2 protein chains.
Amino acid sequence: MGLTDDIDVVLCDVFGTVVDWRGSLIRQLEELSGRRGWELDAPLFADEWRRRYGPSMDEVLTGELSWTNLDDLHRASLLALLEATSIEASPEDINDMVEFWHRLDAWPDAPDGIRRLTKRFIVGTMSNGNVALLVNGAKHAGLAWDVILSAELAHRYKKDADCYRENVALLDRPLSSVLMVAAHPGELEAVSKLGMKTAFISRPMEFGDHGQTLPLDQIVDFSCEGFDELAAALGV
Amino acid sequence: MGLTDDIDVVLCDVFGTVVDWRGSLIRQLEELSGRRGWELDAPLFADEWRRRYGPSMDEVLTGELSWTNLDDLHRASLLALLEATSIEASPEDINDMVEFWHRLDAWPDAPDGIRRLTKRFIVGTMSNGNVALLVNGAKHAGLAWDVILSAELAHRYKKDADCYRENVALLDRPLSSVLMVAAHPGELEAVSKLGMKTAFISRPMEFGDHGQTLPLDQIVDFSCEGFDELAAALGV
(Lines give C-alpha, C1' and ligand atoms only; values in the text may rest on other atoms or scores of the structure.)
Protein backbone atom coordinates (compact mmCIF):
# COMPACT_ATOMS: atom_id res chain seq x y z
CA MET A 1 0.00 0.00 0.00
CA GLY A 2 2.99 2.28 0.51
CA LEU A 3 3.55 2.48 -3.22
CA THR A 4 0.01 3.66 -3.88
CA ASP A 5 0.16 6.22 -1.09
CA ASP A 6 3.20 7.86 -2.69
CA ILE A 7 1.41 8.43 -6.00
CA ASP A 8 -0.33 11.72 -6.52
CA VAL A 9 -0.27 12.03 -10.31
CA VAL A 10 -0.92 9.54 -13.13
CA LEU A 11 0.52 10.52 -16.53
CA CYS A 12 -0.31 8.49 -19.60
CA ASP A 13 1.38 7.87 -22.87
CA VAL A 14 -1.40 8.30 -25.44
CA PHE A 15 -0.59 6.69 -28.82
CA GLY A 16 -0.95 2.95 -28.40
CA THR A 17 -1.57 3.11 -24.64
CA VAL A 18 -4.86 5.06 -24.57
CA VAL A 19 -5.86 5.13 -28.23
CA ASP A 20 -5.73 2.59 -31.03
CA TRP A 21 -3.86 4.76 -33.52
CA ARG A 22 -3.42 1.96 -36.07
CA GLY A 23 -7.01 0.76 -36.23
CA SER A 24 -8.26 4.38 -36.25
CA LEU A 25 -5.89 5.41 -39.05
CA ILE A 26 -6.85 2.38 -41.13
CA ARG A 27 -10.54 3.12 -40.67
CA GLN A 28 -10.13 6.78 -41.67
CA LEU A 29 -7.79 5.98 -44.57
CA GLU A 30 -10.31 3.47 -45.93
CA GLU A 31 -13.14 6.00 -45.64
CA LEU A 32 -11.23 8.74 -47.45
CA SER A 33 -9.79 6.41 -50.04
CA GLY A 34 -13.26 4.97 -50.73
CA ARG A 35 -14.66 8.49 -51.27
CA ARG A 36 -11.76 9.43 -53.56
CA GLY A 37 -11.56 6.10 -55.46
CA TRP A 38 -7.89 5.66 -54.52
CA GLU A 39 -6.15 2.30 -54.70
CA LEU A 40 -4.68 2.37 -51.22
CA ASP A 41 -3.58 -0.45 -48.93
CA ALA A 42 -4.69 1.23 -45.71
CA PRO A 43 -2.90 -1.03 -43.17
CA LEU A 44 0.35 -0.80 -45.13
CA PHE A 45 -0.02 2.98 -45.51
CA ALA A 46 -0.69 3.40 -41.76
CA ASP A 47 2.34 1.28 -40.88
CA GLU A 48 4.61 3.15 -43.29
CA TRP A 49 3.44 6.51 -41.93
CA ARG A 50 4.03 5.39 -38.36
CA ARG A 51 7.45 3.98 -39.27
CA ARG A 52 8.61 7.53 -40.07
CA TYR A 53 7.56 8.83 -36.63
CA GLY A 54 10.68 7.78 -34.69
CA PRO A 55 13.19 8.97 -37.29
CA SER A 56 11.38 12.33 -37.66
CA MET A 57 11.54 12.95 -33.91
CA ASP A 58 15.17 11.89 -33.87
CA GLU A 59 15.95 14.79 -36.19
CA VAL A 60 14.52 17.15 -33.55
CA LEU A 61 16.20 15.33 -30.64
CA THR A 62 19.62 15.58 -32.30
CA GLY A 63 19.10 19.25 -33.18
CA GLU A 64 19.28 18.55 -36.93
CA LEU A 65 15.78 20.05 -37.10
CA SER A 66 14.68 22.93 -34.83
CA TRP A 67 11.59 22.38 -32.68
CA THR A 68 8.76 21.09 -34.89
CA ASN A 69 5.51 19.84 -33.42
CA LEU A 70 4.02 16.46 -34.19
CA ASP A 71 1.36 17.71 -36.61
CA ASP A 72 4.14 19.20 -38.72
CA LEU A 73 6.27 16.06 -38.49
CA HIS A 74 3.21 14.00 -39.51
CA ARG A 75 2.65 16.33 -42.44
CA ALA A 76 6.25 16.09 -43.66
CA SER A 77 6.20 12.27 -43.34
CA LEU A 78 2.90 12.12 -45.18
CA LEU A 79 4.17 14.25 -48.07
CA ALA A 80 7.23 12.02 -48.41
CA LEU A 81 5.05 8.92 -48.28
CA LEU A 82 2.59 10.26 -50.86
CA GLU A 83 5.45 11.01 -53.23
CA ALA A 84 6.23 7.31 -53.28
CA THR A 85 2.63 6.45 -54.30
CA SER A 86 0.37 7.23 -57.22
CA ILE A 87 -2.24 8.78 -54.91
CA GLU A 88 -3.35 12.26 -55.96
CA ALA A 89 -4.23 13.92 -52.68
CA SER A 90 -5.45 17.53 -52.72
CA PRO A 91 -4.23 20.06 -50.11
CA GLU A 92 -7.58 19.55 -48.34
CA ASP A 93 -7.09 15.78 -48.32
CA ILE A 94 -3.62 16.26 -46.86
CA ASN A 95 -4.93 18.54 -44.09
CA ASP A 96 -7.64 15.99 -43.40
CA MET A 97 -5.13 13.15 -43.23
CA VAL A 98 -2.87 15.04 -40.80
CA GLU A 99 -5.96 15.51 -38.64
CA PHE A 100 -6.69 11.77 -38.68
CA TRP A 101 -4.29 11.79 -35.71
CA HIS A 102 -6.69 14.16 -33.88
CA ARG A 103 -9.52 11.61 -34.22
CA LEU A 104 -8.16 8.37 -32.87
CA ASP A 105 -10.52 6.03 -31.03
CA ALA A 106 -9.76 4.98 -27.47
CA TRP A 107 -9.19 1.38 -26.47
CA PRO A 108 -12.53 0.30 -24.93
CA ASP A 109 -11.34 0.33 -21.30
CA ALA A 110 -9.63 3.74 -21.43
CA PRO A 111 -12.40 6.39 -21.07
CA ASP A 112 -14.05 4.85 -17.98
CA GLY A 113 -10.76 3.75 -16.45
CA ILE A 114 -9.27 7.21 -16.79
CA ARG A 115 -12.41 8.78 -15.34
CA ARG A 116 -12.12 6.45 -12.32
CA LEU A 117 -8.49 7.43 -11.83
CA THR A 118 -9.39 11.14 -11.79
CA LYS A 119 -11.45 10.57 -8.61
CA ARG A 120 -8.24 10.16 -6.65
CA PHE A 121 -5.31 11.34 -8.78
CA ILE A 122 -4.30 14.20 -11.04
CA VAL A 123 -4.51 12.39 -14.39
CA GLY A 124 -2.92 13.76 -17.52
CA THR A 125 -1.40 13.03 -20.88
CA MET A 126 2.38 12.82 -21.28
CA SER A 127 2.56 12.53 -25.01
CA ASN A 128 4.63 13.46 -28.02
CA GLY A 129 1.38 14.68 -29.56
CA ASN A 130 1.06 18.47 -29.69
CA VAL A 131 -1.45 20.21 -27.45
CA ALA A 132 -4.07 20.81 -30.18
CA LEU A 133 -3.92 17.17 -31.24
CA LEU A 134 -4.34 15.98 -27.65
CA VAL A 135 -7.18 18.39 -26.84
CA ASN A 136 -9.08 17.50 -30.01
CA GLY A 137 -8.29 13.83 -29.46
CA ALA A 138 -9.66 13.92 -25.91
CA LYS A 139 -12.93 15.41 -27.18
CA HIS A 140 -13.18 12.79 -29.93
CA ALA A 141 -12.47 9.86 -27.63
CA GLY A 142 -14.21 11.13 -24.46
CA LEU A 143 -11.12 11.29 -22.27
CA ALA A 144 -11.51 13.29 -19.04
CA TRP A 145 -7.93 14.47 -18.54
CA ASP A 146 -7.21 16.85 -15.68
CA VAL A 147 -4.29 18.31 -17.59
CA ILE A 148 -2.79 18.07 -21.07
CA LEU A 149 0.98 17.71 -20.83
CA SER A 150 2.97 17.39 -24.01
CA ALA A 151 6.42 17.33 -25.54
CA GLU A 152 5.31 20.61 -27.14
CA LEU A 153 5.35 22.37 -23.75
CA ALA A 154 9.00 21.41 -23.19
CA HIS A 155 10.06 21.65 -26.85
CA ARG A 156 11.62 18.22 -26.34
CA TYR A 157 10.34 14.83 -27.38
CA LYS A 158 10.16 11.76 -25.23
CA LYS A 159 12.23 9.96 -24.14
CA ASP A 160 14.49 12.98 -23.49
CA ALA A 161 14.61 13.24 -19.68
CA ASP A 162 13.97 17.00 -19.78
CA CYS A 163 10.65 16.39 -21.50
CA TYR A 164 9.42 14.54 -18.40
CA ARG A 165 11.18 16.87 -15.95
CA GLU A 166 9.78 20.09 -17.43
CA ASN A 167 6.23 18.77 -17.72
CA VAL A 168 6.19 17.35 -14.20
CA ALA A 169 7.67 20.63 -12.90
CA LEU A 170 4.52 22.37 -14.18
CA LEU A 171 2.57 20.29 -11.65
CA ASP A 172 4.99 21.30 -8.86
CA ARG A 173 5.36 17.71 -7.69
CA PRO A 174 8.38 15.44 -7.34
CA LEU A 175 8.99 12.87 -10.09
CA SER A 176 8.67 10.15 -7.45
CA SER A 177 5.00 11.05 -6.92
CA VAL A 178 4.18 10.41 -10.58
CA LEU A 179 3.01 7.11 -12.06
CA MET A 180 3.76 6.86 -15.78
CA VAL A 181 1.44 4.56 -17.72
CA ALA A 182 2.56 3.16 -21.06
CA ALA A 183 2.28 0.12 -23.30
CA HIS A 184 5.97 0.46 -24.18
CA PRO A 185 8.68 -1.03 -21.93
CA GLY A 186 11.34 1.29 -23.35
CA GLU A 187 9.54 4.38 -22.10
CA LEU A 188 8.91 2.84 -18.68
CA GLU A 189 12.58 1.94 -18.41
CA ALA A 190 13.53 5.57 -19.20
CA VAL A 191 11.18 7.13 -16.64
CA SER A 192 12.06 4.55 -14.01
CA LYS A 193 15.63 5.87 -14.13
CA LEU A 194 14.21 9.33 -13.33
CA GLY A 195 12.54 7.98 -10.20
CA MET A 196 9.02 7.91 -11.60
CA LYS A 197 6.70 5.00 -10.83
CA THR A 198 5.70 2.80 -13.76
CA ALA A 199 2.62 0.94 -14.97
CA PHE A 200 2.63 -1.26 -18.06
CA ILE A 201 -0.64 -1.74 -19.90
CA SER A 202 -0.67 -4.59 -22.36
CA ARG A 203 -1.93 -3.61 -25.84
CA PRO A 204 -1.28 -6.74 -27.91
CA MET A 205 -3.04 -5.32 -30.98
CA GLU A 206 -1.25 -1.92 -31.11
CA PHE A 207 0.77 -2.98 -34.14
CA GLY A 208 -1.82 -5.41 -35.53
CA ASP A 209 -0.32 -8.86 -35.82
CA HIS A 210 3.22 -7.51 -36.11
CA GLY A 211 4.08 -8.80 -32.66
CA GLN A 212 3.59 -7.31 -29.23
CA THR A 213 5.75 -5.85 -26.53
CA LEU A 214 6.11 -7.41 -23.11
CA PRO A 215 6.71 -5.73 -19.75
CA LEU A 216 10.11 -5.69 -18.10
CA ASP A 217 9.37 -7.14 -14.67
CA GLN A 218 12.30 -5.45 -12.99
CA ILE A 219 11.16 -1.89 -13.74
CA VAL A 220 7.37 -2.17 -13.68
CA ASP A 221 5.46 -1.35 -10.49
CA PHE A 222 2.11 -2.35 -12.00
CA SER A 223 1.33 -4.55 -15.00
CA CYS A 224 -2.22 -4.84 -16.24
CA GLU A 225 -4.54 -5.45 -19.18
CA GLY A 226 -6.28 -2.07 -19.19
CA PHE A 227 -7.13 1.14 -17.33
CA ASP A 228 -9.99 -0.47 -15.42
CA GLU A 229 -7.60 -3.05 -14.02
CA LEU A 230 -5.08 -0.30 -13.21
CA ALA A 231 -7.73 1.74 -11.37
CA ALA A 232 -8.66 -1.34 -9.34
CA ALA A 233 -4.97 -2.01 -8.54
CA LEU A 234 -4.67 1.58 -7.31
CA GLY A 235 -7.72 1.15 -5.08
CA VAL A 236 -10.00 3.58 -6.92
CA MET B 1 -26.18 33.05 -35.02
CA GLY B 2 -23.11 33.94 -37.11
CA LEU B 3 -21.18 35.01 -34.05
CA THR B 4 -21.80 31.73 -32.26
CA ASP B 5 -20.88 29.69 -35.34
CA ASP B 6 -17.47 31.33 -35.47
CA ILE B 7 -16.62 30.32 -31.90
CA ASP B 8 -14.78 27.06 -31.39
CA VAL B 9 -12.98 27.70 -28.11
CA VAL B 10 -14.07 29.30 -24.82
CA LEU B 11 -11.24 30.50 -22.57
CA CYS B 12 -11.98 31.74 -19.08
CA ASP B 13 -10.28 34.07 -16.71
CA VAL B 14 -10.33 32.20 -13.38
CA PHE B 15 -9.79 34.50 -10.37
CA GLY B 16 -13.00 36.41 -9.85
CA THR B 17 -14.71 35.08 -12.98
CA VAL B 18 -14.90 31.36 -12.11
CA VAL B 19 -13.88 31.31 -8.46
CA ASP B 20 -14.63 33.54 -5.51
CA TRP B 21 -11.03 34.14 -4.47
CA ARG B 22 -11.92 36.71 -1.81
CA GLY B 23 -14.59 34.71 0.02
CA SER B 24 -12.45 31.56 -0.19
CA LEU B 25 -9.34 33.30 1.15
CA ILE B 26 -11.29 34.85 4.01
CA ARG B 27 -12.78 31.47 4.94
CA GLN B 28 -9.37 29.75 4.91
CA LEU B 29 -7.65 32.63 6.71
CA GLU B 30 -10.28 32.52 9.44
CA GLU B 31 -9.91 28.74 9.83
CA LEU B 32 -6.10 28.89 10.11
CA SER B 33 -6.13 31.94 12.33
CA GLY B 34 -8.71 30.30 14.62
CA ARG B 35 -6.51 27.19 14.95
CA ARG B 36 -3.42 29.32 15.66
CA GLY B 37 -5.11 31.89 17.92
CA TRP B 38 -3.96 34.78 15.73
CA GLU B 39 -5.56 38.20 15.86
CA LEU B 40 -6.17 38.57 12.16
CA ASP B 41 -8.67 40.68 10.24
CA ALA B 42 -9.25 38.13 7.46
CA PRO B 43 -11.09 40.38 4.95
CA LEU B 44 -8.48 43.10 5.32
CA PHE B 45 -5.63 40.59 5.05
CA ALA B 46 -7.17 39.06 1.88
CA ASP B 47 -7.61 42.49 0.33
CA GLU B 48 -4.06 43.57 1.19
CA TRP B 49 -2.62 40.35 -0.25
CA ARG B 50 -4.63 40.76 -3.44
CA ARG B 51 -3.62 44.41 -3.73
CA ARG B 52 0.00 43.30 -4.20
CA TYR B 53 -0.92 41.01 -7.12
CA GLY B 54 -0.92 43.61 -9.90
CA PRO B 55 2.30 45.35 -8.81
CA SER B 56 4.11 42.00 -8.45
CA MET B 57 3.15 40.97 -12.00
CA ASP B 58 4.15 44.39 -13.26
CA GLU B 59 7.71 43.68 -12.11
CA VAL B 60 7.73 40.61 -14.36
CA LEU B 61 6.02 42.41 -17.25
CA THR B 62 8.60 45.22 -17.21
CA GLY B 63 11.49 42.74 -16.97
CA GLU B 64 12.56 44.08 -13.57
CA LEU B 65 12.02 40.52 -12.29
CA SER B 66 12.74 37.46 -14.47
CA TRP B 67 9.91 34.97 -15.02
CA THR B 68 8.37 34.07 -11.64
CA ASN B 69 5.19 32.04 -11.39
CA LEU B 70 2.16 33.14 -9.41
CA ASP B 71 2.75 30.83 -6.45
CA ASP B 72 6.14 32.46 -5.99
CA LEU B 73 4.71 35.98 -6.40
CA HIS B 74 2.01 35.11 -3.84
CA ARG B 75 4.69 33.85 -1.47
CA ALA B 76 6.79 37.01 -1.79
CA SER B 77 3.72 39.22 -1.29
CA LEU B 78 2.68 37.18 1.72
CA LEU B 79 6.11 37.44 3.36
CA ALA B 80 6.08 41.21 2.87
CA LEU B 81 2.56 41.41 4.27
CA LEU B 82 3.39 39.23 7.30
CA GLU B 83 6.36 41.46 8.12
CA ALA B 84 3.92 44.31 8.59
CA THR B 85 1.87 42.30 11.13
CA SER B 86 2.49 40.67 14.48
CA ILE B 87 1.46 37.26 13.15
CA GLU B 88 3.97 34.51 13.82
CA ALA B 89 3.46 32.15 10.90
CA SER B 90 5.64 29.02 10.69
CA PRO B 91 7.15 27.87 7.36
CA GLU B 92 4.35 25.24 7.21
CA ASP B 93 1.71 27.93 7.78
CA ILE B 94 3.23 29.99 4.98
CA ASN B 95 3.21 27.02 2.57
CA ASP B 96 -0.37 26.37 3.56
CA MET B 97 -1.36 30.00 2.98
CA VAL B 98 0.26 30.07 -0.48
CA GLU B 99 -1.82 26.99 -1.25
CA PHE B 100 -5.03 28.72 -0.17
CA TRP B 101 -5.00 29.95 -3.78
CA HIS B 102 -5.14 26.30 -4.94
CA ARG B 103 -8.35 25.74 -2.98
CA LEU B 104 -10.69 28.50 -4.07
CA ASP B 105 -14.41 27.76 -4.28
CA ALA B 106 -16.27 28.26 -7.55
CA TRP B 107 -19.12 30.70 -7.93
CA PRO B 108 -22.25 28.48 -7.73
CA ASP B 109 -23.09 28.65 -11.46
CA ALA B 110 -19.57 27.87 -12.72
CA PRO B 111 -19.09 24.07 -12.47
CA ASP B 112 -22.33 23.12 -14.26
CA GLY B 113 -22.14 25.99 -16.73
CA ILE B 114 -18.58 25.08 -17.72
CA ARG B 115 -19.57 21.42 -18.08
CA ARG B 116 -22.40 22.46 -20.40
CA LEU B 117 -20.02 24.54 -22.52
CA THR B 118 -17.65 21.56 -22.94
CA LYS B 119 -20.40 19.70 -24.83
CA ARG B 120 -19.87 21.99 -27.79
CA PHE B 121 -16.67 23.96 -27.30
CA ILE B 122 -13.06 23.44 -26.28
CA VAL B 123 -13.21 25.07 -22.84
CA GLY B 124 -10.11 26.10 -20.96
CA THR B 125 -8.53 28.36 -18.43
CA MET B 126 -6.64 31.47 -19.53
CA SER B 127 -5.27 32.56 -16.21
CA ASN B 128 -2.30 34.19 -14.56
CA GLY B 129 -2.39 31.26 -12.13
CA ASN B 130 0.40 28.73 -12.66
CA VAL B 131 -0.44 25.29 -14.00
CA ALA B 132 -0.20 23.45 -10.64
CA LEU B 133 -2.48 26.04 -9.01
CA LEU B 134 -5.05 25.70 -11.80
CA VAL B 135 -4.97 21.89 -11.88
CA ASN B 136 -5.33 21.63 -8.10
CA GLY B 137 -7.97 24.36 -8.17
CA ALA B 138 -10.02 22.53 -10.79
CA LYS B 139 -10.01 19.37 -8.65
CA HIS B 140 -11.03 21.36 -5.57
CA ALA B 141 -13.85 23.22 -7.32
CA GLY B 142 -15.02 20.48 -9.70
CA LEU B 143 -14.22 22.30 -12.93
CA ALA B 144 -14.20 20.12 -16.06
CA TRP B 145 -11.66 22.03 -18.19
CA ASP B 146 -10.63 20.54 -21.51
CA VAL B 147 -7.29 22.27 -21.27
CA ILE B 148 -5.32 24.28 -18.72
CA LEU B 149 -3.79 27.34 -20.37
CA SER B 150 -1.74 29.70 -18.27
CA ALA B 151 0.58 32.67 -18.28
CA GLU B 152 3.15 30.14 -17.07
CA LEU B 153 3.16 28.40 -20.47
CA ALA B 154 4.02 31.67 -22.24
CA HIS B 155 6.22 33.08 -19.44
CA ARG B 156 4.20 36.26 -19.83
CA TYR B 157 1.38 37.57 -17.70
CA LYS B 158 -1.93 38.89 -18.92
CA LYS B 159 -2.67 41.34 -20.37
CA ASP B 160 0.50 41.10 -22.47
CA ALA B 161 -0.78 40.24 -25.97
CA ASP B 162 1.80 37.47 -26.39
CA CYS B 163 0.36 35.67 -23.39
CA TYR B 164 -2.92 35.22 -25.30
CA ARG B 165 -1.24 34.63 -28.65
CA GLU B 166 1.11 31.92 -27.44
CA ASN B 167 -1.56 30.07 -25.48
CA VAL B 168 -4.09 30.17 -28.32
CA ALA B 169 -1.35 29.03 -30.74
CA LEU B 170 -1.10 25.83 -28.69
CA LEU B 171 -4.68 25.09 -29.74
CA ASP B 172 -3.82 25.76 -33.41
CA ARG B 173 -6.86 27.99 -33.84
CA PRO B 174 -7.21 31.61 -34.91
CA LEU B 175 -7.76 34.21 -32.19
CA SER B 176 -11.05 35.09 -33.87
CA SER B 177 -12.44 31.63 -33.04
CA VAL B 178 -11.87 32.15 -29.32
CA LEU B 179 -14.38 33.59 -26.86
CA MET B 180 -12.69 35.07 -23.79
CA VAL B 181 -14.85 35.09 -20.66
CA ALA B 182 -14.01 37.48 -17.85
CA ALA B 183 -15.58 39.58 -15.12
CA HIS B 184 -13.10 42.38 -15.89
CA PRO B 185 -13.77 44.90 -18.66
CA GLY B 186 -10.08 45.80 -18.95
CA GLU B 187 -9.14 42.28 -19.95
CA LEU B 188 -12.00 42.05 -22.44
CA GLU B 189 -10.94 45.33 -23.98
CA ALA B 190 -7.37 44.02 -24.41
CA VAL B 191 -8.41 40.73 -26.07
CA SER B 192 -10.99 42.46 -28.23
CA LYS B 193 -8.11 44.38 -29.83
CA LEU B 194 -6.51 41.03 -30.69
CA GLY B 195 -9.64 39.93 -32.54
CA MET B 196 -10.92 37.58 -29.85
CA LYS B 197 -14.62 37.44 -29.01
CA THR B 198 -15.65 38.62 -25.54
CA ALA B 199 -18.12 37.64 -22.84
CA PHE B 200 -18.56 39.64 -19.65
CA ILE B 201 -19.84 37.80 -16.60
CA SER B 202 -21.05 40.02 -13.80
CA ARG B 203 -19.55 39.19 -10.39
CA PRO B 204 -20.76 42.01 -8.18
CA MET B 205 -19.32 40.42 -5.01
CA GLU B 206 -15.79 39.73 -6.31
CA PHE B 207 -14.36 42.54 -4.20
CA GLY B 208 -16.96 42.32 -1.45
CA ASP B 209 -18.71 45.64 -1.07
CA HIS B 210 -15.77 47.58 -2.52
CA GLY B 211 -17.73 48.34 -5.68
CA GLN B 212 -18.21 46.35 -8.84
CA THR B 213 -17.08 46.56 -12.42
CA LEU B 214 -19.44 47.10 -15.31
CA PRO B 215 -19.23 45.84 -18.87
CA LEU B 216 -18.15 48.06 -21.72
CA ASP B 217 -20.99 47.67 -24.21
CA GLN B 218 -18.89 48.53 -27.23
CA ILE B 219 -16.45 45.62 -26.82
CA VAL B 220 -18.63 42.90 -25.29
CA ASP B 221 -20.24 40.27 -27.52
CA PHE B 222 -22.09 38.64 -24.62
CA SER B 223 -22.95 39.99 -21.19
CA CYS B 224 -24.48 37.72 -18.59
CA GLU B 225 -24.92 36.95 -14.91
CA GLY B 226 -23.24 33.53 -14.90
CA PHE B 227 -21.94 30.55 -16.85
CA ASP B 228 -25.37 28.95 -17.09
CA GLU B 229 -26.70 32.07 -18.78
CA LEU B 230 -23.66 32.15 -21.08
CA ALA B 231 -24.18 28.50 -22.08
CA ALA B 232 -27.81 29.26 -22.90
CA ALA B 233 -26.79 32.33 -24.94
CA LEU B 234 -24.38 30.11 -26.89
CA GLY B 235 -27.13 27.60 -27.58
CA VAL B 236 -25.72 24.75 -25.51
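Order of the sequence lines fixes the chain letters, A, B, ..., with proteins taken first and strands second; residue numbering starts at 1 for each chain. Values in this document were obtained by computation on a predicted structure and should not be read as measured data.
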Interface moiety of A/Leu153 toward chain B, non-hydrogen atoms closer than 4.5 Å: side chain
Member of B/Glu48, B/Met97, B/Glu83 meeting the side chain to side chain contact (heavy atoms under 4.5 Å, CB included) criterion with B/Leu78: B/Met97
Part of B/Asn130 within contact of chain A (heavy atom distance under 4.5 Å): neither
Centroid-centroid under 6.0 Å between B/Trp21 and B/Trp107 rings: no
Part of B/Ile148 lying under 4.5 Å from any heavy atom of chain A: side chain
Under-4.0 Å salt bridge between B/Arg116 and B/Asp228: no
Side-chain H-bond candidate by donor/acceptor type, B/His155 with B/Glu166, under 3.5 Å: no
Greatest number of heavy atom pairs closer than 4.5 Å to chain B - which of A/Leu134, A/Asp172, A/Val131, A/Leu133: A/Val131
Distance flag, aromatic centroids of A/Trp67 and A/Tyr157, threshold under 6.0 Å: yes
Part of B/Asp71 lying under 4.5 Å from any heavy atom of chain A: side chain
Contact class of B/Thr118 relative to chain A, heavy atoms under 4.5 angstrom: both
Step-by-step side-chain contact (heavy atoms from CB on, under 4.5 Å) determination, B/Leu234 to B/Arg120: CA-CA 9 Å; B/Leu234 292 172; B/Arg120 178 155 162 196; 5.8 Å; no
Largest heavy-atom contact set with chain B, pairs under 4.5 Å, which of A/Leu170, A/Leu171, A/Asn136: A/Leu170
